[in-house]
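Note that the structure is predicted; figures quoted are calculated from it, not measured. Each chain gets a letter, A, B and so on, in the order the sequences are listed, and its residues count up from 1.
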Amino acid sequence: GFDPSPKQKPTKRERDDEDILPLCMHLCTNVPVWFFIISSVWFVRWEEERATDGSKWRFLEHKGPVFALPYEPLPLHVRFFCDGKQIKLSPPAEEVATFFAKMLDHEYTTKDIFRKNFFKDWRKEMTPEEKSKITDLNKCNFNEMSEHFKAQSEARKQMSKDEKLKIKEENERILQEYGFCLMDNHKERIGNFRIEPPGLFRGRGDHPKMGMLKRRIRPEDIIINCSKDSKHPKPPAGTRWKELRHDNKVTWLVSWTENIQGSIKYIMLNPSSRIKGEKDWQKYETARRLKKCVERLRTQYRDDWKSKEMRIRQRAVALYFIDKLALRAGNEKEEGETADTVGCCSLRVEHINLYPKMDDQEYVVEFDFLGKDSIRYYNKIPVEKRAFKNLQLFLENKQPEDDLFDRLNTSILNKHLQELMDGLTAKVFRTYNASITLQQQLKALTSPDDNLPGKILSYNRANRAVAVLCNHQRAPPKTFEKSMQNLQTKIDDKQKQLATSRKQLKTSKADHKASHDEKSKKAVETKRKTVQRIEEQLMNLQMQATDREENKQIALGTSKLNYLDPRISVAWCKKWEISIEKVYNKTQREKFAWAIDMAEDDFEF
DNA sequence: TTTAAGACTTGGGGACAGGTGG
DNA sequence: CCACCTGTCCCCAAGTCTTAAA
């Protein structure tokens, strides 16, 4: 079911370069299918073939990365003091010092670990003389540096329109030159073509490595990936790449090894690209396949709660949590390398409490742990009796710091899931439960009688239900109270306005009753319309306030971008004749172009 | 089989641009 | 026109899962 009518064709996508296929070709609009699978070979509608040998592309050409600006030494009047004495720092030591100076206002520069890590790495950049003079961070005075940077950023804000425009144009030029690549026949936007500048590592939560120096990346650190028959990116004059390779089994264009965790960083394509879009689509198709067999799997894990084998019971209870609570898998992490956070399989005894009875509920489990990004997961939830009994069993003879599921890890769990359904892993449950929840909530909350703002509120509420399920929290925005107050003021004003209008309506009605002439009749009509308009405006403001209030600590973006099958939203928009812009902003529309073209109003996840 | 490396997705926060209302 | 506010985009960290190596 695809409507090829030209009205749907997004015109903005037609401005791409003429000499290559426009971006939209692979997301195209005037053909009855997106793409489909025949014996595991993918065909795109114009017969562009997806290989089966694991290769991701045939041709790849790009300009390489944009490096961070080189360090510019401080002007001489900006001084640094240690123990009251001025020291002129060598450029390498000075550069690292400026990283610290720029962070002076942040709370974390007061943290012991941060200071210790920073000082250790800073000393590595010092000359022997500096090393002997600077032995205690507490005696270091970075104030002039800090003031200097504050003044600098103030000056940037005060720049003239012309200067700002110049910078903007330069950025645009760099984007045009480095921000795109040619992959097979498409010009594609690159995601992050700028190399991360050096600085002090922060990390999230209680990170043992906070404050360490994230070193500058040079061309000699860079691995370039492109096709042999492309024009290879040139390293900056006088330098060379670490390696030039031609690996079409991967999607990245540039990589380097970062020095904090020793992990590899990549430059890849933007989410709007064919290669990301197809992968995204595939992810949701896997989740839809789970939908078809999820009841079978649920029966199975409930059955496994009765198994003779401990490992199977643990596996089954963990899977129950992942399914019911949308927990992450929980890979093991190396101790001391990262903040202490857990997911399902890595839960420890100290992270749960069991209450056979709590208030009017039975078999309540209380979860309290730090998950990804050290975001707290707190939940009190009744579970099925047999799961509860199993948990009691798993806790026997254990210390708080022991693993709850000591016979289980993510690889065991995923191996099991793979046997239950092709392509099934723990995170598919999160995708599935998020998407199905959105679909159900939209169905339950959208009322045909609601006006547009009302429907949008319903959409956001459905989205919110998912964000809550996935525990996507945010710190309340710093300006939250203020902006709430502003909105309330607007509402109060509107209410006053409404009262006035109503009074005027009443008066004009009385006038009309008295005179019965044509002019007064018209006046009544006008007033009636005004009252109606103001009522509507008031309602919209109130709706906005409700939405904002409910959203105080909830982040909708992550679920929208990563968990919700966009076709559900597109279908909802079509069904209620709401323009897609009300639900997706420009970036999101670009990412979900495939779904916007594909989904009809009757799409079922 | 276990561990480490590699590849790719998911995550919150903040800078900044651009719109809005006074 | 300016100050302020809001939404967007960038930043880059931190997960998941696969693949390669020991």
Exercise. Once you round it to whole Å, what is the distance between P of C:dA14 and CZ of A:Arg328?
Worked result: 13 Å
Exercise. When all nucleic acid strands are considered with a 4.0 Å heavy-atom cut-off, which category describes A:Arg156: base, sugar-phosphate, or nothing?
Worked result: nothing
For this session: Just call it for A:Asp280: base, sugar-phosphate, or nothing, with non-hydrogen atoms closer than 4.0 Å on any strand.
Result: nothing
Seminar exercise, completed: DNA chain B nearest-nucleotide lookup for A:Lys415 and A:Lys276: closer to the 5′ end is A:Lys415
For this session: Measure from the side chain of A:Ile264, starting at C-beta and using heavy atoms only, and say which of C:dC17, B:dC8, B:dG6 lies closest.
Result: B:dG6
For this session: Could you state the atom-to-atom distance from CZ of A:Arg202 to C1' of B:dG11 in whole Å?
Result: 15 Å
Exercise. Relative to the 5' end of DNA chain B, which residue comes earlier, A:Trp252 or A:Lys427, by the nucleotide with the nearest heavy atom?
Worked result: A:Trp252
For this session: For A:Ala426, answer base if it contacts any base atom (sugar-phosphate contacts may also be present), sugar-phosphate if it contacts only those atoms, and nothing otherwise; contact means non-hydrogen atoms under 4.0 Å.
Result: sugar-phosphate
For this session: Scan A:Lys168 against the nucleic acid and name what it touches under 4.0 Å (heavy atoms): base, sugar-phosphate only, or nothing.
Result: sugar-phosphate
For this session: Round to the nearest Å and state the distance from A:Leu417 atom CG to C:dC17 atom C1'.
Result: 12 Å
Problem set entry | A:Asn562 CG to B:dG12 P, straight-line distance once rounded to whole Å | 10 Å
Exercise. Any idea how A:Phe369 and A:Tyr377 line up, ring-wise: parallel (<30°), tilted (30 to 60°), or perpendicular (>60°)?
Worked result: parallel
Problem set entry | Contacts of A:Glu72 that satisfy salt bridge (charged side-chain N to carboxylate O under 4.0 Å, His left out) - sequence neighbours left out | none
Exercise. Can you name the one residue among A:Asp323, A:Leu424, A:Leu319 that meets side-chain contact (heavy atoms from CB on, under 4.5 Å) with A:Leu297?
Worked result: A:Leu424
Exercise. Does A:Arg204 place a side-chain N or O at less than 4.0 Å from the phosphate oxygens OP1/OP2 of B:dT10?
Worked result: no
Exercise. Looking only at side-chain N and O atoms, does A:Tyr563 come under 4.0 Å of OP1 or OP2 in B:dG11?
Worked result: yes
Exercise. Could a donor-acceptor pair under 3.5 angstrom be found where the side chain of A:Lys586 meets the base of C:dT8?
Worked result: no
Exercise. Can you check the A:Tyr108 OH to C:dA13 P distance for me, whole Å?
Worked result: 11 Å
Exercise. Between C:dA14 atom P and A:His207 atom NE2, what is the distance in whole Å?
Worked result: 5 Å
Seminar exercise, completed: Against the side chain of A:Lys265, the closest entry in C:dC17, B:dG11, C:dA13 is C:dA13
For this session: Among C:dC17, C:dT6, B:dG12, find the nucleotide with the atom closest to the side chain of A:His472.
Result: B:dG12
Exercise. Can you name the one residue among A:Gln261, A:Arg204, A:Lys209, A:Lys333 that meets side chain to side chain donor-acceptor pair (under 3.5 Å) with A:Thr338?
Worked result: A:Lys333
Problem set entry | Of the listed nucleotides C:dT6, B:dT10, C:dA14, the one nearest the side chain of A:Gln261 | C:dA14
For this session: For A:Thr251, answer base if it contacts any base atom (sugar-phosphate contacts may also be present), sugar-phosphate if it contacts only those atoms, and nothing otherwise; contact means non-hydrogen atoms under 4.0 Å.
Result: sugar-phosphate
For this session: May I have the distance from A:Gln282 (atom CD) to C:dT16 (atom P), rounded to whole angstrom?
Result: 20 Å
For this session: Measure up the A:Tyr584 and A:Phe592 rings against each other and bin them: parallel (under 30°), tilted (30 to 60°), perpendicular (over 60°).
Result: tilted
Exercise. Over how many whole Å does the gap from A:Asn551 atom CG to C:dT6 atom P extend?
Worked result: 14 Å
For this session: Could you check whether A:Ser263 gets within reach of a base, just the sugar-phosphate, or nothing at all, counting any heavy atom under 4.0 Å?
Result: nothing
Problem set entry | Proximal nucleotide (of B:dC8, C:dC17, B:dT10) relative to the A:Lys279 side chain | B:dC8
Exercise. So, for A:Tyr178 and A:Phe193, is the gap between ring centers shorter than 6.0 Å?
Worked result: no
